[in-house]
Structure formats: structure tokens, C-alpha cells
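Worksheet: the structure to be examined is printed underneath.
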Amino acid sequence: METAARTAPAAVIVAIDGPAGTGKSSTSKAVAGKLGLGYLDTGAQYRAITWWMLNNGIDVNDATAVADAAAKPVIVSGTDPAAPTITVDGLDAAGPIRTQEVTAAVSAVSAVPEVRALITDLQRSIAAEAPNGIVVEGRDIGITVLPDADLKVFLTASPEARAARRSGELKGKDPQQATDLAATREALIKRDAADSGRKTSPLAKADDAVEVDTTELTLEQVIECVVTLIEGAGAEKAGRVAR
Ligand code: DC
């Protein structure tokens, strides 16, 4: 794990939400590494349960079948920001959860209330057990999962910037998925609409979240901005604890 070059003065709980392609994962991992905090990718958990459904022949568009099976897989997340891990029933799922098949199915599975209830409980227990604080990234962290987080950040970016970043990421991982920009943009917009429009815990900005538009910022600038916000939240928390 990267040695913490800077410190958050108290064990802070940080919620980072926003749509795909805003730099959430890269930012969250980097700030957690710099500040010695744990890191949890909640999208990976929804992808992991989706992967299990696909592997076990569950029709992901049948909400009742998904709900009935939701408690079966055992999902374990490792929270070291330098090497985050995810397993399903003991199997390494880090690679398979990034396939196009899983990406196409994850919005349907993550819209099922029973799935969200189980994964939300898992996320809360991981955050509660993080000894030095944690950065939790997702879509509904600030509003639903950790409404008492010490800091809430909501990352945004234009659809063009998000598609360009996502397309770059995909090229690095799976050349077959390196579709053209327009197709990536379409897919992102479709997934955002599903994630923002679902009934249970839609993607949304908490009233007390700090919004950071990353369209014109480099990753380093976003990281620096969020580190500064966390240091401020940590100092405030340390002050409250001392009083
Ligand atoms: O961050 P990601 O693209 O890997 O997330 C995959 C999907 O999981 C996303 O389309 C919506 C869902 N998700 C969610 O519903 N709630 C979260 N807290 C995180 C992700």
C-alpha cells in the first residue's frame, strides 16, 4: 500500500458519488492512498452480484428471480486502495465484472430493492469496521448508505468528457470493448438514465455534498481538490471529538 504522504486528522468517512466516467474510481483510490484511508468500490459489488446472476442462469430482467437469489452469493471486498479486491463465493471477480455482458446487465440487477438492501448492509458494515476511515464511492452513498458521512463529494463531467475517459479506460482493459466514442457516450447516457430513474436509491446528489465538475480538470487537480476537502473535514471532526 502506498505510504500515506498526507494525513486526515481523524478517521473520516468519505462518500464520493457521481455518474460513470467522472473519474470517481481513480480519484477515490488515489485520495485514500494519500491519506491512509480504506477504499470501497460499491459499483464493483453490484457488478459482482450481477456476474453471479449471469453465471447461475438467473434472468436479470426478472426482478422476482433476482430478488429470490440475491442472498445466495458471498461477496467479499478488500479495501486496500493500492490493491482493492473483490471475490464472489471465494472466486476472484475483479476481471469478469468488467465485461460488457456484466456492464449491460448491472443496472437491472442493481435496481432490485432486495439487492440494494443486502449490498447496502454490506457496505455499512465495511465502513463501520474501517479502522482509519474509508472512502466509499458509488451512486447512493451520500444519501442512502452513509448519510452521516463526514464529507460528501459529488463528481460530475460533461457526457463528452465522460465518454472520452471511459473509452480510454476500456481500451486499456479490453480491446474488444474499445468501441467508438459515440457508442460509449450512448451507453453511458443510457446507464445514467437507468441509474438516476430507478425507484430505490437513484443516483442523486445529497444536499450537503460538495459538487466538483471535473470536465476541465486533470485527474491530479481533482485528487488535490478532494484531498484538501478531506483534510478540512478531518480537522473539523478532530475538533469535534476533542471538545
Ligand atoms: O461504478 P460502476 O460503473 O462500476 O457501477 C456499476 C453499476 O452499479 C452502475 O451502473 C449502477 C450500480 N451502482 C449502484 O446502483 N449504486 C452504487 N452505489 C454503485 C453502483
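Indexing begins at 1, ligand by ligand and atom by atom, following the structure's order.
Less than 4.0 angstrom separates some heavy atom of Gly138 from each of these atoms of ligand 1: 18 (N), 19 (C). Residue contact check: Arg98 has heavy atoms under 4.0 Å from atoms 4 (O) of ligand 1. Using a 4.0 Å cut-off to heavy atoms of Tyr46, the atoms of ligand 1 that qualify are 8 (O), 13 (N), 14 (C), 16 (N), 17 (C), 18 (N), 19 (C), 20 (C). Every atom of ligand 1 with a heavy atom of Ser107 under 4.0 Å away is listed here by number and element: 10 (O).
Enclosure of atom CD in Glu211 by more than 12 non-hydrogen atoms of other residues, nucleotides or ligands within 6.0 angstrom is indicated. Residue Asn56 qualifies as enclosed at atom CG: its count of foreign heavy atoms under 6.0 Å is above 12.
Atom 20 (C) of ligand 1 has Gly43 CA, 3.5 Å as its closest protein atom, hydrogens excluded (heavy atom only). Looking from atom 6 (C) of ligand 1 to the surrounding protein, the closest heavy atom is Arg191 NH1, 3.5 Å. Given atom 18 (N) of ligand 1, the protein heavy atom at minimum distance is Asp140 OD1, 2.8 Å. For atom 19 (C) of ligand 1, the closest non-hydrogen atom on the protein side is Thr42 OG1, 3.3 Å. Summary of contacts: the protein heavy atom closest to atom 12 (C) of ligand 1 is Ser110 OG, 3.7 Å. Protein heavy atom at the shortest distance from atom 11 (C) of ligand 1 is Asp195 OD2, 3.2 Å. Annotation: atom 4 (O) of ligand 1 to nearest protein heavy atom, Arg47 NE, 2.7 Å.
The shell of residues lying under 4.0 angstrom from ligand 1, judged by heavy atoms, excludes Lys190. Not close to ligand 1: Glu137, with no non-hydrogen atom less than 4.0 angstrom away.
Listed here is the closest heavy atom pair of Arg191 and Ser107: CG-OG, 3.3 Å. In plain terms, the two heavy atoms of Ala32 and Gly38 that are nearest each other are CB-O, 3.5 Å.
Side-chain N or O atoms of Asp150 include one that pairs as donor or acceptor with a backbone N or O of Ile13 at under 3.5 Å. With hydrogens and angles disregarded, no donor-acceptor distance shorter than 3.5 Å links the side chain of Thr22 to the backbone of Gly18. Counting only distance, with no hydrogens or angles, the side chain of Asn132 and the backbone of Leu37 share no donor-acceptor pair below 3.5 Å. Side chain of Thr85 to backbone of Ser77: no donor-acceptor contact under 3.5 angstrom is found. Between the Arg47 side chain and the Arg98 main chain, no donor and acceptor come within less than 3.5 Å of each other.
In the model, Ser26 has no side-chain atom that pairs as donor or acceptor with a side-chain atom of Arg165 under 3.5 Å.
Contact annotation: for Arg139 versus ligand 1, heavy atoms closer than 4.0 Å belong to both the backbone and the side chain. Contacts of Arg116 with ligand 1, taken as heavy-atom pairs under 4.0 Å, involve the side chain alone. Counting heavy atoms under 4.0 Å from ligand 1, residue Gln123 does not touch it at all.
The shortest N or O to N or O distance between Asp41 and ligand 1 is not under 3.5 Å.
Side-chain atoms of Asp140 and Leu203, non-hydrogen and from C-beta on, never get closer than 4.5 Å to each other.
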